[in-house]
Amino acid sequence: MVLFHRTTSSTFLWYRLNLCRYKHRLNHPGVHIPHGVQYQVPYNLPDEYTEQSLYPPIRSKHPPGSWGSMESKKAWMHFELGEKYYRHLKCVKERLTIMAYQNMMCYYDELDVEQIDSKLIWMLTGRPRSPRCLPFYKHITQTHVTDELPKFYEQMDVESLLNYVKPILIDRILTDEYAQKEDIPLEDMYDKGDYKVPSVMRDKQLEMDKKQTTNVLTKMIRTIVNVLAEHKPYLRKTMIGSDVPIEAWWSSNLNGMKLDRAKWHHDSNTTSFQFRDKASVQVKTDRPLRSIVDPNSTLCQTPVPLCPYPPPAYKVFTDRYLPMQIPGHWHGEGHDFNLLTVYPMDSIYRYDSYFGEDELLPSLMSWIVNASHAELLAQAYYLGFSMWREPTYPLIAQTILSNRRQWIFGVYQLNTISHFKPHDAHTTSNICWVSPLMNLYDGIENGELVNFNDDVLRHLLRFILNEPTQQPNWNLRPYVEDITNLDERYRKFIRNLYEVVKLDQQDSREHHRWAKVHHGTTVFNRRYAMMTTLFKDIVFDNWPREWYGRTLERIERKKSMPTIKEYDLLMPVTR
Amino acid sequence: MRLPANLQYLYKSMTPRYPKWQPGDPKHRIFFPQFWMRIVRPEENRPLRPNVVRFECHIEMTKNDIKQYLEKLYKIETLDITTIIKQGKENRHPVSSEIIDPDPDRKFAYVFLKNETFTYPDIWRGQKPSDELVKDERRMQTASEKQKATNLYRPGLSTWFR
């Protein structure tokens with residue numbers, strides 16, 4: 001006779017409060033709530049009785065916009081969240097810090113030690129780790145992918161400039177190939193050389209190759225831009241950067257899938273993703289690129305097929321990271337739009353992820369989709385749009401993946417950002433056009449390039465000569481208010497808050513996953529608390545309670561506790 | 001836990017410990033290695049793609065070993081292999097909390113097949129033996145409840161008969 005004994009697993013963390021040494025530090029008497037207490041605000045109803053009963057207005061089932069099959073309470077919660085963001089936070093910098101702060105969690109572990117850490121997010125990289133994962137990336141980013149570049153590029157006449165630029169470029173490439181002399185790293189100098197571990201050697205070779213590609217590509221693009229700048233004035237105002245970090249955070253709906261981790265705390269049916277990669281070259285401009293397809297056309301209106309498998313099936317794993325949005329620059333540095341981004345493709349061939357010739361093109365396509373979507377998402381956040389406010393005009397990105405020898409071009413149009421809505425609520429989708437894989441040259445022999453391909457150069461020139469709209473007659477930043485009306489102290493507060501996000505060190509987790517590094521991760525919370533306490537008058541006046549932080553909450557609770565005997569008369573009678 | 005060889009199943013024993021390989025020695029050849037693989041049901045909360053199979057294998061097999069095992073013995077082409085070692089639970093004595101009867105560590109491999117699909121077949125045809133145990137328990141519970149009900153409503157019966 002066997003008795004079934006099933007242990008009930010509780011999803012909430014029960015903090016052992018009887019034996020907790022830090023009882024005095026709990027943020028609520030008797031229970032520790034990681035996100036702070038939501039105090040009920042007493043209704044502002046009149047003191048006198050009325051003859052007719054007063055009811056609040058009846059809300060429609062879903063807020064304005066398409067929400068599909070989402071529950072009405074959740075939909076209204078999301079809508080009110082968006083309203084809160086846009087009502088209280090005037091500047092993009094504040095919004096970014098609040099988004100980062102909302103992912104932090106404070107809890108007490110088994111040894112009653114306070115742990116402040118960011119919640120888990122699914123970390124996406126540029127290079128896909130598993131084969132045939134294009135459907136997954138398409139589902140996450142809501143894109144349709146086509147096999148060729150849009151027709152509008154073929155209308156550009158590029159022949160004269162091509163013949164002008166070609167010899168200069170060939171010269172440049174050859175000089176860079178032959179003039180690479182790197183200093184021998186210190187550990188190799190003292191190496192006897194009798195046995196070299198192959199994996200370590202491969203990694204070192206990959207690093208060197210990556211550095212060389214970044215150098216060669218920056219030089220190539222700089223020469224082209226400098227040569228063409230005398231004919232095209234908009235190229236004179238561009239900024240060119242190398243080794244550029246690109247990061248983006250978004251939350252997407254689970255559509256009924258059951259996942260235990262990496263949930264966005266606002267809605268337990270959603271998970272959050274963070275893309276993180278480094279681009280070798282980026283060319284930035286002031287003005288947006290022309291849109292290629294009208295967002296209301298049938299191509300954008302068709303839904304993207306659902307992918308029923310969770311992220312671990314595609315080797316995408318969670319990590320504790322602060323949600324960051326970096327489209328290649330920090331907010332406030334100007335040049336909000338990107339003309340061109342180039343990524344180094346060497347890692348496709350080196351690691352175990354080289355699955356074969358057949359699987360190469362789809363992995364490159366998924367890399368392009370991922371990278372351009374992330375870049376545009378971060379750009380959209382910097383321009384004032386967010387998951388609650390769709391971009392009013394489509395954003396375009398041009399990406400290239402290059403190996404110095406092999407090139408692949410991609411164009412991406414971003415129409416929607418609201419991935420947190422369920423699958424049937426999506427009206428528009430994003431589109432990506434990808435060119436086939438081409439070789440610029442087959443090899444280098446005797447100081448000459450073998451089989452130089454002009455098509456690659458043509459595509460590259462077309463991308464660079466794609467002039468952005470110089471006088472856009474629509475509002476580029478509709479949801480951002482002018483902050484020159486605010487006083488200097490408020491502006492200082494905004495700037496300091498954003499510095500807290502910038503300073504957060506995220507690379508301290510490269511060692512073993514089980515070792516918690518407190519000095520790397522609790523700094524954001526502490527700095528955030530310090531900044532909000534220094535400017536607590538601004539925070540108390542303008543922000544709702546959820547964004548205060550634990551220290552301010554304690555201060556505010558002390559402030560709002562009545563000190564007089566007649567405290568019961570402070571509350572209105574109708575409550 | 002990683003138990004010593006005399007306490008593990010024979011098929012889980014370690015390969016013999018050869019002397020350390022120094023650079024310059026001939027290539028390390030192992031004859032009759034303790035390599036085995038077994039198909040295993042996918043986990044409940046981790047649905048797999050149709051091309052992916054979950055195997056359990058000898059803990060000393062590497063990804064390359066698994067790839068060659070499948071390609072040379074069974075002629076199955078693979079694209080990608082992920083291995084993970086799940087540590088076995090260290091069962092402790094309820095009173096002295098000393099480690100007693102630890103479960104051994106197990107290695108699982110998720111293999112991505114190139115040209116084939118595989119789904120783990122439904123062996124029990126919807127009826128698991130554990131379901132019968134649950135039914136038995138429910139039957140016993142209802143019987144005991146009925147008995148209790150009859151005992152409660154007997155007036156004149158003293159409390160020590162319930």
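No hydrogens, no waters, no symmetry mates; every other heavy atom, side chains included, goes into these values. All chains are named by letter (A, B, ...) in the order of the sequence lines, taking the proteins before the strands, and each is independently numbered beginning at 1.
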Chemist: I want to check something: taking the side chain as every heavy atom from C-beta on, are A/Pro312 and B/Tyr110 in contact at a cut-off of under 4.5 Å?
Modeler: no
Chemist: Check A/Arg129 with B/Asp80, please: is the shortest side-chain N to carboxylate O separation under 4.0 Å?
Modeler: no
Chemist: Do A/Pro310 and B/Pro47 make a side-chain contact, defined as non-hydrogen atoms from C-beta onward lying under 4.5 Å apart?
Modeler: yes
Chemist: For B/Arg38, does the CZ atom have more than 12 heavy-atom neighbours from other residues, nucleotides or ligands under 6.0 Å away?
Modeler: yes
Chemist: Is B/Glu44 atom CD crowded by more than 12 heavy atoms from other residues, nucleotides or ligands, each under 6.0 Å away?
Modeler: no
Chemist: So for B/Pro50, is it side chain, backbone, both, or neither that comes closer than 4.5 Å to the heavy atoms of chain A?
Modeler: both
Chemist: When you look at CZ of B/Arg29, are more than 12 heavy atoms from neighbouring residues, nucleotides or ligands closer to it than 6.0 Å?
Modeler: no
Chemist: If you count the non-hydrogen atoms of other residues, nucleotides and ligands that lie under 6.0 Å from CG in B/Asp25, is the total more than 12?
Modeler: yes
Chemist: Okay, side chain of B/Arg49, backbone of A/Tyr314: is any donor-acceptor separation there less than 3.5 Å?
Modeler: no
Chemist: Between CG of B/Asn51 and CZ of A/Arg132, what distance do you get to the nearest 0.5 Å?
Modeler: 5.5 Å
Chemist: Within a 6.0 Å radius of atom CZ on B/Arg46, are there more than 12 heavy atoms belonging to other residues, nucleotides or ligands?
Modeler: yes
Chemist: So A/Pro131 and B/Phe112, do their side chains get closer than 4.5 Å, heavy atoms only?
Modeler: yes
Chemist: Determine, stepwise, if the pair A/Lys258 / B/Asn45 fulfils side-chain contact (heavy atoms from CB on, under 4.5 Å).
Modeler: CA-CA 7 Å; A/Lys258 300 274 174 244; B/Asn45 297 330; 5.8 Å; no
Chemist: Counting only heavy atoms not in B/Phe32 (residues, nucleotides, ligands), do more than 12 fall under 6.0 Å from its CZ?
Modeler: no
